[in-house]
Q: 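Encoded as structure tokens, here's the structure I'll be asking about.
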Amino acid sequence: MAQISLTFPDGNSREFDAGITAAEIAAGISNSLAKKAISATVNGAHWDLQWPINEDAEIAIHTMKDDAQALELIRHDCAHIMARAVQEIWPATKVTIGPVIENGWYYDFDREEPFTPEDLALIEKKMKEIINKREPVTTEVWERDRAVKFYEANNEPYKVELIDAIPGDEPLRMYWHGHWQDLCRGPHLQHTGQVPGDAFKLMSIAGAYWRGDSDRAMLQRIYGVAFQNKEGLKKHLHMLEEAAKRDHRKLGKEMDLFHMQEEAPGQVFWHPNGWRIYTTLQDYMRRMQDKDGYVEVNTPQVVDRKLWEASGHWDKYQENMFIVEVDEEHAREKAINALKPMNCPCHVQVFNQGLKSYRDLPLRMAEFGSCARYEPSGALHGVMRVRGFTQDDGHIFCAEDQITSETAKFIAFLSKVYADLGFHDWTIKLSTRPEKRIGSDESWDFVEKALGDACKAAGYDFEILEGEGAFYGPKLEFTLTDAIGRDWQCGTLQVDPNLPERLDATFIGADGAKHRPFMLHRACLGSFERFIGILIEEHAGKLPFWLAPRQVVVASIISDADPFVAEVVDALKAAGVRAEADTRNEKINYKVREHSLGKVPVILAIGMKEVEERTVTVRRLGEKQTSVVSLDEIVAELSKSATPPDLL
RNA sequence: GCUGCUGUAGCUCAGAGGUAGAGCACUCCCUUGGUAAGGGAGAGGUCGAGAGUUCAAUUCUCUCCAGCAGCACCA
């Protein structure tokens, strides 16, 4: 028998017969390791304890203490155990796939009857039974024909289709959890009892297309989460509760920021409080862009389809545009317009007015452009995904040799804005040429390199998303991570040589000839609607003072203090602070509770003591402790807090 | 758009084949109270829209609209 040499994590190597399994190696080390082992890593690959090892390798044996491997196996075994449970309860159910995802797994089923929330409890109970049986997990490699015949005989057409999609040279692996069997890449645990029965939970049922294709069958997906122990599960469920508390739709109502209604689905009715945030943010962006050399423009909402045909949007996105038909009395033809879904074609029209010289470039054109897109109904989500929104849009018209420096300039701009808004954790992704594209490879080479170089020059690393670019050019995507670890793609910068061509934008070069400018599409916040949603969730409603719609409530403790309350409010307002009086006939407890729930950052309480001393008692949101400060002092302090970061 | 669920007072929700209820909010009265709900009274609803079944529908059925979760989509 051939010998192989295995190297352990401590650096020691030992000889073994080829074909030995990690389970056998573990057993050779100690009884307890044999029991505790869950899987191995063999030459970097996650390896099932049962799989033979046939060549020299570096090997490590894992136990539940190895988080990454443990979680993967627990979740993957949960998927199988859940599928087995479902088929035991409803034998006619067809199985499809069940991968591990963040925090858990899902499994897609084909079954006539829909699953109900009550079914989840049933399935969980059955899963616990299976776990308690501690049945062995076993695996075999099967011949293709045998596997296909097997699944055909068992009426599992989805599995047959999966086998067809697996490349011919890959072994087909069958796994058994007790008597139940599934086609699976593996690896898996040693027996069902290794899954912690108290650390998983079935979460929800949802529809999902077979193979993610909306033209194919709609399956039923069950989601679950699983961890190594009860505490992990508890922590996760707690995190979900926290996320629910931050939901901008809930906070939007509680803080009286905005509402939506049936008559205008996907569009926001901004209330005074929400509009405060919006205008504060917009004023800030306007100042920042102004400082960064942008000119601001404004372009029409309703634009004839001819322009959209010329830009190419009509072809591609007609379905998603709001169409406006105008039947003018004397017009021969009905005019067909569309609400603008984006601003770029209009910006090219502005650019095209008058001859442009190379001396005008780079021309940075910005618009807080209100756009309308007919988003599919199922995509709508609070203010995060809407049909009417305003982008902090901008287009930089430039020559090819300005792309790198303009990109670097934008990254610096964006980094300042994100920092001012409290986001320090963000990343860049570079999406490169897709399969279907226009333009020469040389031009793609150049532009992709320009974007990458600009990132590097600015000191930022980036991840490459191969083939994810737009058909006309590559793009940078800026993704920020919020306080509870969720990622939001906000900023973008896209190089576009196509639209200037289609809409015939030109400039006169130093050589006196006409040249085609490049266009850089760029946005920093993305849309105000969505970004405000993110801000609300990031801060759980407790916005930084300068962005808070209601900054200070001055509350009287006794009505004799009312005149001084009015004086304090006036002084704060004069100093640029959003202050309001609360002189209602209510106790201070009541007022504090109400304004705390309303996320007002500062409450100033005023009783007779304060009136006499011309002071205020300050209570900050989230703090129980109060402090007494003179009127002049608090006005100076809050006036500073209310100043936007770019004006400090 | 697809699958499933949901739609009752301003908000959060209960309820039932015989046309509705709670708490909070609101209005009025009493209370002037020192940091997360003081007491009392009152007003408030075409039960998402339309059609059907029924003696009778807000309740059952169908269609539509909107929302929620996920999928698909996101120039």
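Scope of the values below: all heavy atoms of this structure, side chains included, with no hydrogens, waters or symmetry mates.
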Q: Could you check whether A:E463 and A:T427, counting side-chain N and O atoms only, form a donor-acceptor pair closer than 3.5 Å?
A: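 A:E463 and A:T427 do not have a side-chain donor-acceptor pair below 3.5 Å.
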Q: What is the distance from CD of A:Q220 to C1' of B:U3, rounded to the nearest Å?
A: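 Between C1' of B:U3 and CD of A:Q220: 8 Å.
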Q: Please report, rounded to the nearest Å, how far the C1' atom of B:G70 is from the OH atom of A:Y107.
A: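 Answer to the nearest Å: 19 Å.
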Q: Could you tell me the Watson-Crick or G-U partner of B:G44, where both distances fall under 3.5 Å? Say none if there is no partner.
A: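 Partner of B:G44: none found under 3.5 Å.
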Q: Summarise protein proximity over nucleotides 35-47 of chain B in one line of letters, 5' to 3': B for base, S for sugar-phosphate only, - for none, counting protein heavy atoms closer than 4.0 Å.
A: BBBS---------
Q: Sticking with atom C1', work out how far B:C5 lies from B:A75, rounded to a whole angstrom.
A: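 Straight-line distance between the two C1' atoms is 32 Å.
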Q: Would you say the side chain of A:R373 and the base of B:C74 hold a donor-acceptor pair, judged only by whether the two atoms sit under 3.5 Å apart?
A: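 Absent.
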Q: Is A:F115 touching bases, backbone alone, or none of the nucleic acid, heavy atoms closer than 4.0 Å?
A: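 Nothing, no nucleic acid heavy atom in range.
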Q: Provide the distance between the two P atoms, one in B:G52 and one in B:C11, to the nearest whole Å.
A: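 To the nearest whole Å, 31 Å.
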Q: For B:A43 versus B:C28, give the span between their C1' atoms, rounded off to a whole number of Å.
A: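 Nearest-Å result for B:A43 against B:C28 at atom C1': 10 Å.
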Q: Students often get this wrong, so: under 4.0 angstrom with heavy atoms, is A:H381 touching a base, only sugar-phosphate, or nothing?
A: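 Sugar-phosphate, backbone atoms only, no base.
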Q: Is the shortest distance from a Lys or Arg side-chain nitrogen in A:D504 or A:R516 to a carboxylate oxygen in the other one below 4.0 Å?
A: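 Yes, this pair counts.
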Q: Kindly list each side-chain donor-acceptor pair under 3.5 angstrom involving residues 465-478 of chain A, sequence neighbours excluded, with atom names and distances?
A:
residue, atom, partner, partner atom, Å
A:E466, OE2, A:T432, OG1, 3.3
A:Y472, OH, A:Q494, OE1, 2.7

Q: Between A:K245 and A:E242, is there a salt bridge with N-O shorter than 4.0 Å?
A: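 Salt bridge between A:E242 and A:K245, a charged N being under 4.0 Å from a carboxylate O: yes.
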Q: Are the charged groups of A:D247 and A:R249 less than 4.0 angstrom apart, N to O?
A: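 Here A:D247 pairs with A:R249 in a salt bridge, since their nearest N and O are under 4.0 Å apart.
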Q: Rounded to whole angstroms, how far apart are OH on A:Y317 and C1' on B:C74?
A: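 Value for this atom pair: 8 Å.
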Q: Expressed as a whole number of angstroms, how long is the span from A:M384:CE to B:A69:P?
A: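 The answer, rounded to whole Å, is 11 Å.
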Q: Is there a donor-acceptor pair under 3.5 Å between the side chain of A:K159 and the backbone N or O of A:T96?
A: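 The answer is yes, because a donor-acceptor pair under 3.5 Å joins these two groups.
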Q: Ring of A:F227, cation from A:R75 - is the NZ or CZ under 6.0 Å from the centre and inside 45° of the axis?
A: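 Ring-cation test returns yes.
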Q: If the C1' atom of B:C47 is compared with that of B:U19, how far apart are they to the nearest Å?
A: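 My reading of the C1' atoms in B:C47 and B:U19 gives 10 Å.
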Q: Just to be sure I understand the rule, does A:P376 reach a base, reach only the sugar-phosphate, or reach nothing, if contact means heavy atoms closer than 4.0 Å?
A: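 Counting heavy atoms under 4.0 Å across all strands, the contact made by A:P376 includes a base.
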Q: What residues from residues 242-262 of chain A pass a heavy-atom cutoff of under 4.0 Å to RNA chain B?
A: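 Residues of residues 242-262 of chain A that come under 4.0 Å of RNA chain B are, in numerical order, A:R249, A:K253, A:E262.
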Q: Give the rounded distance in Å between these two atoms: CH2 of A:W314 and P of B:A75.
A: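 After rounding, the reported distance stands at 19 Å.
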Q: Looking at RNA chain B, which of residues 206-216 of chain A put a heavy atom within less than 4.0 Å of it?
A: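 Per residue number, the list reads A:A206, A:G207, A:A208, A:Y209, A:G212, A:S214.
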Q: Do the side-chain N and O atoms of A:S556 and A:D562 include a donor-acceptor pair separated by under 3.5 angstrom?
A: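 There is such a pair (donor and acceptor under 3.5 Å, judged by atom type) between the side chains of A:S556 and A:D562.
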Q: According to the interplanar angle, ranging from 0 to 90°, do the rings of A:F200 and A:W105 count as parallel (below 30°), tilted (30 to 60°) or perpendicular (above 60°)?
A: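 If you compare the ring of A:F200 with that of A:W105, the planes turn out tilted.
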Q: For B:A36, give the paired nucleotide (Watson-Crick: N1-N3 plus N6-O4 or O6-N4; G-U: N1-O2 and O6-N3; both under 3.5 Å), or none.
A: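 Answer to the pairing question: none, since B:A36 forms no Watson-Crick or G-U pair.
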Q: Which nucleotide, if any, forms a Watson-Crick or G-U wobble pair with B:G23, using both distances under 3.5 Å?
A: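 In the structure as shown, B:G23 has B:C11 as its Watson-Crick or wobble partner.
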Q: Return the orientation label for the A:H539 and A:F423 ring planes: parallel under 30°, perpendicular over 60°, tilted otherwise.
A: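 Tilted: the ring planes of A:H539 and A:F423 meet at 30° to 60°.
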Q: Looking at residues 93-104 of chain A, who's got a heavy atom less than 4.0 Å off RNA chain B?
A: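 Nothing qualifies; none.
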Q: Roughly how far apart, to the nearest Å, are B:U59 and B:U6 at atom P?
A: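 Those two atoms are separated by 14 Å.
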Q: Would you tell me whether A:E263 and A:Q261 have side-chain atoms, one donor and one acceptor, within less than 3.5 Å of each other?
A: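 Yes, side-chain donor-acceptor contact under 3.5 Å.
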Q: Between A:K94 and A:E161, is there a side-chain N and carboxylate O pair less than 4.0 Å apart?
A: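 No, no charged N to carboxylate O under 4.0 Å.
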Q: Base, sugar-phosphate, or nothing for A:P341, non-hydrogen atoms under 4.0 angstrom?
A: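 Since a base atom lies under 4.0 Å of A:P341, the category is base.
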Q: Applying side-chain hydrogen bond (donor to acceptor under 3.5 Å, both in side chains), which residue pairs with at least one partner in residues 595-607 of chain A are found, sequence neighbours left out?
A: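 For residues 595-607 of chain A: A:D582-A:H595.
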Q: Could you check A:Y472 against A:S377 and say which one's nearest nucleotide on RNA chain B is further toward the 5' end?
A: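 Its nearest nucleotide lies further toward 5', so the answer is A:S377.
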Q: Of A:E375 and A:M218, whose nearest nucleotide on RNA chain B comes first from the 5' end?
A: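 The 5'-side residue here is A:M218.
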Q: Distance check, C1' atoms only: B:G23 and B:G15, in whole angstrom units.
A: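 Rounded to whole Å, the distance is 15 Å.
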Q: Whole angstroms only, please: what is the CD1-P distance between A:I205 and B:U6?
A: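 Taking CD1 of A:I205 and P of B:U6, I get 12 Å after rounding.
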Q: Without decimals, in angstroms, what is the distance between A:D562 CG and B:G33 P?
A: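 Rounded to whole Å, this separation is 13 Å.
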Q: Does B:G17 have a Watson-Crick or wobble mate here (both distances under 3.5 Å), and if so which one?
A: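 Because no pair has both required distances under 3.5 Å, B:G17 counts as unpaired.
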Q: Looking at the side chain of A:A379, which of B:C73, B:C26, B:A75 is the nearest nucleotide?
A: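 For A:A379, the side-chain atoms sit closest to B:C73.
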Q: Using a distance-only test with no angle check, is there a side-chain donor-acceptor pair under 3.5 angstrom linking A:W90 and A:E113?
A: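 Distance-only check fails for A:W90 and A:E113.
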Q: According to the Watson-Crick and G-U wobble definitions, with both distances under 3.5 Å, which nucleotide is paired to B:G52?
A: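 B:G52 is paired with B:C60.
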Q: Distance between the C1' atoms of B:C60 and B:G17, in whole angstroms?
A: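 Pairwise C1' distance, B:C60 against B:G17, rounds to 8 Å.
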Q: Keeping the roles fixed (side chain from A:N352, backbone from A:Q349), state whether a donor-acceptor pair exists under 3.5 Å.
A: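 No.
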Q: Please answer whether the main-chain N or O of A:Q551 pairs with a side-chain N or O of A:R578 as donor and acceptor at a distance below 3.5 Å.
A: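 Pair absent, no side-chain N/O of A:R578 close to backbone of A:Q551.
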Q: According to the Watson-Crick and G-U wobble definitions, with both distances under 3.5 Å, which nucleotide is paired to B:C5?
A: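 Base partner found: B:G67.
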Q: P atom, B:U8 versus B:A49: distance in rounded Å?
A: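 That atom pair is separated by 10 Å.
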